[in-house]
Amino acid sequence: MPVITLPDGSQRAFAKPVSVLEVAREIGPGLAKATLAGEVNGKLVDANCVMIENATVRIITDKDSEGLEIIRHSCAHLLAQAVKILFPSAQVTIGPVVENGFYYDFAYERPFTPDDLTAIEAKMFELAALDQPIERLVRGRNEAVAFFRQLGERYKAEIIADIPADAEISLYKQGDFIDLCRGPHVPSTGRLLAFKLTKLAGAYWRGDPANEMLQRIYGTAWADKKSLKTYLQRQEEAEKRDHRKLGRRLELFHFQEEAPGMPFWHAHGWTIYRLLMDYIREKLRDRAYLEVHTPQVIDRILWEKSGHMEKFSHDMFMTSSENREYAIKPMNCPAHVQIYNQGLKSYRDLPLRLAEFGCCHRNEQSGALHGLMRVRTMTQDDAHIFCTEDQIQAEVSHFIDLLYEVYADFGFNEVQIRLATRPPQRVGSDEVWDKAETALATALNEKHLSWTFNRGEGAFYGPKIEFSLKDSLERIWQCGTIQVDFSMPGRLGATYINERSEKAVPVMLHRAVLGSLERFIGILIEEYAGAFPAWLAPVQAVVLSITEKQATSAEIIAKTLKNQGFRVESDLRNETISLKIRDHAMQRVPYQIIIGAREVENNVLAVRTRAGDDLGNMTLDTFSDRLKSDIACRGRNVFGGKEYSR
RNA sequence: GCCCAUAUAGCUCAGUCGGUAGAGCACUCCCUUGGUAAGGGAGAGGUCACCGGUUCGAAUCCGGUUAUGGGCUCCA
């Protein structure tokens, strides 16, 4: 006689055991039709899950985020079913839900082709139209292993073999296709209406490069066709913001075959680069950092002492001269310790904050390169803070404040924070790692920031906090970081004299706010869709003459503004004003100053914005004040480039 | 590094069965001297990524290399 409690607190009594779907039917036929699954006593279950005893039940439909996830998960199964029908000898492995969709990994004797993808998708639609019921079956572990072995599905058998012996194993059956799965799933394949296979990729079995490579098929799935269409359109829009495309169009940088992963910065891109450095310098000055500069090329002996040769050499470019071997620096830290080591340090000198716009080279795997986001030569806004153990918390806290101040100036409010803990390849004792990880976690908690663990992903010398931002396609890139290092100062002989006149080893904090200037600029381009706030725009205003008669006046105006410190150009070409406006709007110049006969006569500027707003006439001084206050706003209150979509 | 795909004019892209390459924009010149997102005309521009093979003949077919794109692994 189960009594079912619903989320609104109401209760319904049933004479006999009742399924989630039957509960929904009791409430209303509309809800029953929309039911995808249920949440019974806090646990997600299938719609046909039967409750024998009293329970708290929530009906899951496609309006719930869980509902959408279930749709995506069921789509992954539909994909596997289609592949097994078209390619019976393919073996199934795993098929999880990911952001916006799902994927499924298969082992098959030949690569899938784009044509196969089309055929698979067509088969999926066919199967969905059949509206096959999806049934849950429960088996003992050994029985399940035997079942998949007999099917020749060795990957599935391997997965189950790792599940505890006494655990109950659930299988899901749709048509003739049976897959191992925790569930829940939608009640029948006809509930899958809006999906699309998007890409084909390789992926290692269990994510381990030592294992064979499987073929991964990605797809996206939504509750209805409209959402799918919206998503696909949004992706298309996002691709237009790709920093690699905008980088070329706005003449910011280029890459070429002879220097893979190493950008050639053009004048406009370099302007942004310099502005970022100037901005960070201001912040460093305010926060008592000392800027230094160290060599690019340093004898390998130093890298052996620091541990880089052992743990990082696969990423290092080496060079030699006169029987000496050198490394092109991949990091600045050992060099900063050398500066620290010059002269005896007292506890009174700590914390000592050494900053450098350190240009580093890392021999990244060719397949890892990605525009400005992952390069082989980069400049970090790097600094190393030498301090005592007691000062760590305060320094980390001080840094987090700085980072948030800076990110706010760029208009970022969505920052993902992760605490990366000890990796398998590391230096230093477990005791030291415990201490360092605790210090970082405590600092984050004291700021009441929400963060997650990124276990096993710390640097080889210490744990780190990663501050990540998203690109236009929502890919996440680590930018800021702070890392505690109890090892390197000791390895490189850094010491100070403490209050009791004893020699002690300082702790070193590695930290960067922007991360690499390259990556940060890549993120900025995509965030602003190329429409940089006036603060960062390579050209802040352009003066356009309507006819050749205004050429001199236009040039005088441009010159005057330049002398006031603005980045201003003039366009005196023998072209129509419409064309000039279009050209500079496409170049995303914030302001266009139009000078025709009327403006010359009245000694005013006709100003319009790159978004197409006509600001009317104003004096040069008024314009200058306006631009000045725009610049002072930095990147706060920008609209993410949304207004500049055309 | 691994898997799949791609590489044609400065850019974006066509190019069918293997028969010596085409458009739009950009560029140069000429006309036009204009009023808020493309005024008109003409011209120039390519060892079809690179190396090799098949063929009477290769942008096209085959092999290799490099780079790029999407993933995996890795990472700022």
Side-chain angles (χ1 to χ4, degrees), chain A residues 103 105 110-114 116-117 198-218 239 242 244-245 248-249 251 254-261 312 314-315 330-331 358 360 362-375 378-382 420 423 457 459 464 466-469 473 475 477-481 483 510 512-520 522-523 544-551 574-586 592 594-599 606-616 646:
Chain A
Y103 68 77
D105 286 348
R110 67 160 177 84
F112 290 130
T113 65
D116 292 336
L117 215 60
T198 49
K199 54 199 174 192
L200 213 45
Y204 300 107
W205 167 235
R206 300 196 147 164
D208 185 344
N211 291 338
E212 61 272 37
M213 184 155 282
L214 305 172
Q215 296 187 64
R216 176 169 297 178
I217 298 177
Y218 280 94
E239 278 163 28
D242 188 317
R244 293 164 296 194
K245 284 185 186 162
R248 187 181 299 124
R249 214 188 74 204
E251 294 181 76
H254 86 269
F255 286 95
Q256 65 186 50
E257 213 168 313
E258 291 84 349
F312 203 74
H314 55 282
D315 262 350
M331 296 184 194
C360 295
R362 296 184 188 174
N363 196 5
E364 297 290 344
Q365 297 183 336
S366 55
L369 301 178
H370 182 99
L372 291 179
M373 303 300 195
R374 184 173 282 98
V375 290
M378 58 165 163
T379 298
Q380 294 171 301
D381 63 321
D382 201 8
E457 297 296 324
K464 59 181 177 180
E466 306 170 337
F467 299 89
S468 303
L469 299 169
L473 288 172
R475 287 176 292 216
W477 299 97
Q478 185 197 315
C479 291
T481 182
Q483 318 181 352
H510 307 240
V513 178
L514 308 181
S516 86
L517 290 162
E518 285 76 7
R519 176 176 292 179
F520 199 79
I523 295 275
L544 317 180
S545 57
I546 288 183
T547 75
E548 283 168 359
K549 294 191 188 73
Q550 294 91 40
N574 173 20
E575 297 289 354
T576 59
I577 193 65
S578 289
L579 182 98
K580 295 189 195 181
I581 286 170
R582 180 167 194 273
D583 282 353
H584 296 103
M586 301 237 293
Q592 298 168 355
I594 291 139
I595 301 300
R598 293 202 295 267
E599 287 75 18
V607 181
R608 57 173 281 152
T609 70
R610 60 186 160 193
D613 298 324
D614 187 351
L615 303 182
R646 76 167 144 167

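A note on names: the letters A, B, ... follow the listed sequences, proteins ahead of strands, and every chain is numbered from 1.
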### Query
Over how many whole Å does the gap from A:R608 atom CZ to B:A37 atom C1' extend?
6 Å
### Query
So which nucleotide from B:G35, B:C31, B:C4 ends up closest to the side chain of A:I577?
B:G35
### Task
Tell me which nucleotide among B:A38, B:U68, B:A76 gets nearest to the side chain of A:R582.
B:A38
### Message
If I pick the P atom on B:G24 and the same atom on B:A42, what distance separates them, to the nearest angstrom?
### Response
11 Å
### Query
Quick one: is B:U68 close enough that its OP1 or OP2 comes under 4.0 Å of any side-chain N or O from A:H370?
no
#### Entry: C1'-based separation of B:A21 from B:G15 [nearest Å]
8 Å
### Message
Quick check: any donor-acceptor pair below 3.5 Å linking the side-chain of A:E599 to the base of B:G35?
### Response
yes
### Protein-nucleotide distance (A:D116, atom CG; B:A5, atom P), rounded to Å
10 Å
### Task
Can you measure from CD (A:E364) to NE2 (A:H314) and round to the nearest 0.5 angstrom?
8.5 Å
### Task
Can you tell me the pairing partner of B:G43 across any strand shown, Watson-Crick or G-U wobble, with both distances under 3.5 angstrom?
B:C27
### Query
Would you say the base of B:G71 and the side-chain of A:Y204 have a donor-acceptor pair closer than 3.5 Å?
no
### Query
Under 4.0 Å between a side-chain N/O of A:R475 and OP1 or OP2 of B:G71, yes or no?
yes
### Task
Please report, rounded to the nearest Å, how far the C1' atom of B:G39 is from the CD1 atom of A:I581.
14 Å
### side-chain hydrogen bond (donor to acceptor under 3.5 Å, both in side chains) assessment of A:Y204 paired with A:R206
CA-CA 6 Å; A:Y204 300 107; A:R206 300 196 147 164; over 6 Å; no
### Summary
Any strand, both distances under 3.5 Å, Watson-Crick or G-U wobble: B:U55 pairs with none
### Query
Are any of A:T576's side-chain N or O atoms less than 4.0 Å away from OP1 or OP2 of B:G39?
yes
### Message
If I pick the P atom on B:A58 and the same atom on B:C62, what distance separates them, to the nearest angstrom?
### Response
15 Å
### Task
Take atom CZ of A:R244 and atom P of B:G70, then tell me their distance rounded to the nearest Å.
4 Å
### Summary
Smallest heavy-atom separation, A:E599 atom then A:A606 atom, equals OE2-CB, 3.5 Å
### Message
Show the nearest heavy-atom pair for residues A:E575 and A:K580, with the distance to one decimal.
### Response
O-CE, 3.6 Å
### Task
Quick one: label A:R598 by what it contacts on the DNA or RNA (base, sugar-phosphate, nothing), any heavy atom closer than 4.0 Å.
base
#### Entry: Base-pairing mate for B:U20 - Watson-Crick or G-U, with both contacts under 3.5 Å
none
### Task
Considering only atom P, compute the distance from B:G53 to B:G70 and round it to an integer number of Å.
35 Å
#### Entry: P-based separation of B:A9 from B:A14 [nearest Å]
12 Å
### Query
Given that A:A368 and A:G207 both sit by RNA chain B, which one's nearest nucleotide is further toward the 5' end?
A:A368
### Message
Rounding to an integer number of angstrom, what distance separates B:A5 and B:G57 when you compare their C1' atoms?
### Response
29 Å
### Query
Looking only at heavy atoms, what is the nearest atom pair of A:D116 and A:P111, with distance?
OD2-O, 4.1 Å
### Nearest-angstrom distance, C1' atom, B:U55 to B:C74
45 Å
### Query
Any side-chain N or O of A:K464 under 4.0 Å from OP1/OP2 of B:A76?
yes
#### Entry: Criterion side-chain hydrogen bond (donor to acceptor under 3.5 Å, both in side chains) on A:T547 and A:Q550, from CA distance to verdict
CA-CA 6 Å; A:T547 75; A:Q550 294 91 40; 3.2 Å; yes
## Note on the structure
Using Watson-Crick geometry (N1-N3 plus N6-O4 or O6-N4) or G-U wobble (N1-O2, O6-N3), each under 3.5 Å, B:A37 is paired with none
### Query
What does A:R216 touch in the nucleic acid at a heavy-atom separation under 4.0 angstrom: a base, only the sugar-phosphate, or nothing?
sugar-phosphate
### Task
Indicate whether OP1 or OP2 belonging to B:C4 is found under 4.0 Å from a side-chain N or O atom of A:Y218.
no
### Message
Just the rounded figure in Å: distance from P of B:G71 to CG of A:L117.
### Response
15 Å
### Message
Checking base pairs now: Watson-Crick or wobble, both atom distances under 3.5 Å. What partners B:U6?
### Response
B:A67
### Query
Within the structure shown, what part of the strands sits under 4.0 Å from A:E364 by heavy-atom distance: base, sugar-phosphate, or nothing?
base
### Message
Using a 4.0 Å heavy-atom cut-off, does A:A203 contact any base of the nucleic acid, only the sugar-phosphate backbone, or nothing at all?
### Response
sugar-phosphate
### Task
Give the minimum heavy-atom separation between A:M378 and A:E518, together with the two atoms involved.
CA-OE1, 3.2 Å
### Query
Which sits closer to the 5' end of RNA chain B, A:S366 or A:Q478, going by the nucleotide each is nearest to?
A:S366
#### Entry: Nucleotide of B:G71, B:U33, B:A67 approaching A:P260 most closely (side-chain heavy atoms)
B:A67
### Message
Rounded to whole Å, how long is the line connecting atom CD of A:E575 with atom C1' of B:C29?
### Response
13 Å
### Message
I need the minimum non-hydrogen distance between A:D381 and A:V513, along with the two atoms involved.
### Response
OD2-N, 3.1 Å
### Task
Just call it for A:K549: base, sugar-phosphate, or nothing, with non-hydrogen atoms closer than 4.0 Å on any strand.
sugar-phosphate
### Query
Hey, does the side chain of A:R362 reach the backbone of A:P330 with a donor-acceptor pair shorter than 3.5 angstrom?
yes
#### Entry: Nearest-neighbour nucleotide for the A:M213 side chain, B:A37, B:U73, B:C3 considered
B:C3
### Task
Nearest whole angstrom, please: distance from the C1' of B:G71 to the NZ of A:K199.
7 Å
### Task
Sort out the partner of B:C72 for me: Watson-Crick or G-U wobble, both distances under 3.5 Å, none otherwise.
B:G1
### Syn or anti conformation of B:C17, syn meaning chi within 90° of 0
syn
#### Entry: Rounded distance in Å - CG (A:D315) to P (B:A76)
10 Å
### Query
Considering only the P atoms, how many Å lie between B:C50 and B:G10, rounded to the nearest integer?
13 Å
### Query
With a 4.0 Å cut-off on heavy atoms, is A:A585 in touch with a base, just the backbone sugar-phosphate, or nothing at all?
base
### Task
Answer with yes or no whether A:Q483 presents, from its side chain, a donor or acceptor under 3.5 Å of a partner atom in the base of B:A76.
no
